[in-house]
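Beneath this line is the structure, given in structure tokens, with notes to follow.
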Amino acid sequence: MSNIPTPHISAKLGDFAETVLMPGDPLRSKFIAENFLDDPVLVNNVRGVQGYTGTYKGKRVSVMASGMGMPAIGIYSHELFNFYDVKNIIRIGTAGGLMSEVKVKDIVMGMACVTNSNWAAQYEINASIPAVCSYELLKKAEKSALDLGVTPHIGTIFSSDVFYDSTRDYDKWRAMGVKAVEMEAAALYMEAARAGKNALCICTVSDHMVTGESCSSEERQTSFTKMMEIALETA
Ligand SMILES: O=P(O)(O)O[C@H]1O[C@H](CO)[C@@H](O)[C@H]1O
Ligand SMILES: O=c1cc[nH]c(=O)[nH]1
């Protein structure tokens, strides 16, 4: 029995390219489709989660939002990897900076995640499960960034279940060398591992947890565009 359409995606088999860019925000997905893809076709709009497939420099690429948080990206990445034959998912998100060298507007690539999520419990493995990115995607993304004149921070990120975190334990994360905080990558990386597929999280730092700095809307637009180009060149 076919698993598609799924409860969350109405696309047909073959509607998605082998690489899907995945921002949290559905409007970022629409922005990429409208500004970077040639001939974008809307392939999903269930719950307003817009997914498009088009071409970038002649290469077929899809972009679909995940919504916020690990339960949400867990659903979409699971369905894309396991039911739609998608091979690569590149999350393009925003993050809060933690380390002092990670400035607002900088780009961070998550090589590995620490997380407060219980996502790994479902695998019933009596050990901790590492959430790591695809080395191949990371290598390509680093090269794409350098070619575009961007030097990314590459390292550990914190995938948190909590946006308004009352512990404010930022010093503890910094002491472990954690560069930035976001809310999806760990579940995405574990879904990729379980499906034998590839994932990477690239984030633009939109605000800083320690300095309190945040970027203006104009700055956000420019630096988000760089992240989009890096992901599109990597796809
Ligand atoms: O900008 P996006 O991709 O949504 O990512 C970040 O922004 C949201 C929180 O504001 C969370 O989803 C977090 O991971
Ligand atoms: O998850 C996130 C994303 C951006 N900024 C934050 O503080 N947290």
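Both backbone and side-chain heavy atoms feed into the values below; hydrogens, waters and symmetry mates do not. A quick note: this is a predicted structure, and the numbers were derived from the prediction, not measured.
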When rounded to the nearest 0.5 Å, the distance separating CE of Met176 from CG of Asp169 is 13.0 Å
Counting only N and O atoms by type, is there a donor-acceptor contact under 3.5 Å from the side chain of Ser10 to the main-chain atoms of Val46? no
Using the rule side-chain contact (heavy atoms from CB on, under 4.5 Å), only one of Met68, Met183, Glu182 pairs with Phe163; which is it? Met183
Do Ser159 and Thr115 have side-chain atoms, one donor and one acceptor, less than 3.5 Å apart? no
Within the 4.5 Å heavy-atom criterion, are Met190 and Ile129 side-chain neighbours or not? yes
Reference residue Asn198; test side-chain contact (heavy atoms from CB on, under 4.5 Å); the match among Leu138, Ile90, Thr19, Asn88: Asn88
Say whether, by atom type as modelled, one donor and one acceptor occur between the side chain of Lys197 and the main chain of Phe81 under 3.5 angstrom. yes
Lys179 versus Glu101: any side-chain heavy-atom pair under 4.5 Å? yes
List the atom of Pro40, the atom of Ala33, and the distance in Å for their closest heavy-atom pair. CG-O, 3.5 Å
Evaluate whether atom NZ of Lys139 has more than 12 neighbouring non-hydrogen atoms of other residues, nucleotides or ligands under 6.0 angstrom away. yes
Any Leu200 side-chain heavy atom under 4.5 Å of Ser134 side chain: no
Checking side-chain polar atoms at under 3.5 Å, does Gln50 have a donor or acceptor matched by the opposite partner on Ser29? no
Point-to-point distance, once rounded to the nearest 0.5 Å, from NE2 of His8 to CZ of Phe83: 10.5 Å
When rounded to the nearest 0.5 angstrom, what is the spacing between NZ in Lys30 and OH in Tyr52? 5.5 Å
Given side chains that start at C-beta, do those of Met111 and Val132 come closer than 4.5 Å, heavy atoms only? no
Short N-O contact, Arg194 and Glu191, less than 4.0 angstrom: no
Look up atom OH in Tyr84 and atom CE in Met64, then write down how far apart they are to the nearest 0.5 Å. 8.5 Å
Are any non-hydrogen side-chain atoms of Ile89 and Tyr76 less than 4.5 angstrom apart? no
Sole candidate of Leu42, Val43, Ile9 that passes side-chain contact (heavy atoms from CB on, under 4.5 Å) when paired with Asp15: Val43
After noting the C-alpha distance and the side-chain angles of Leu146 and Glu142, does the key distance pass the side-chain contact (heavy atoms from CB on, under 4.5 Å) rule? CA-CA 6 Å; Leu146 295 174; Glu142 182 186 27; 4.1 Å; yes
Any donor-acceptor pair under 3.5 Å linking the side chain of Lys59 with the backbone of Leu232? yes
Answer yes or no: is there a side-chain heavy-atom contact under 4.5 Å between Val63 and Phe36? no
Are the side chains of Ile107 and Lys226 in contact, using a 4.5 Å heavy-atom criterion? yes
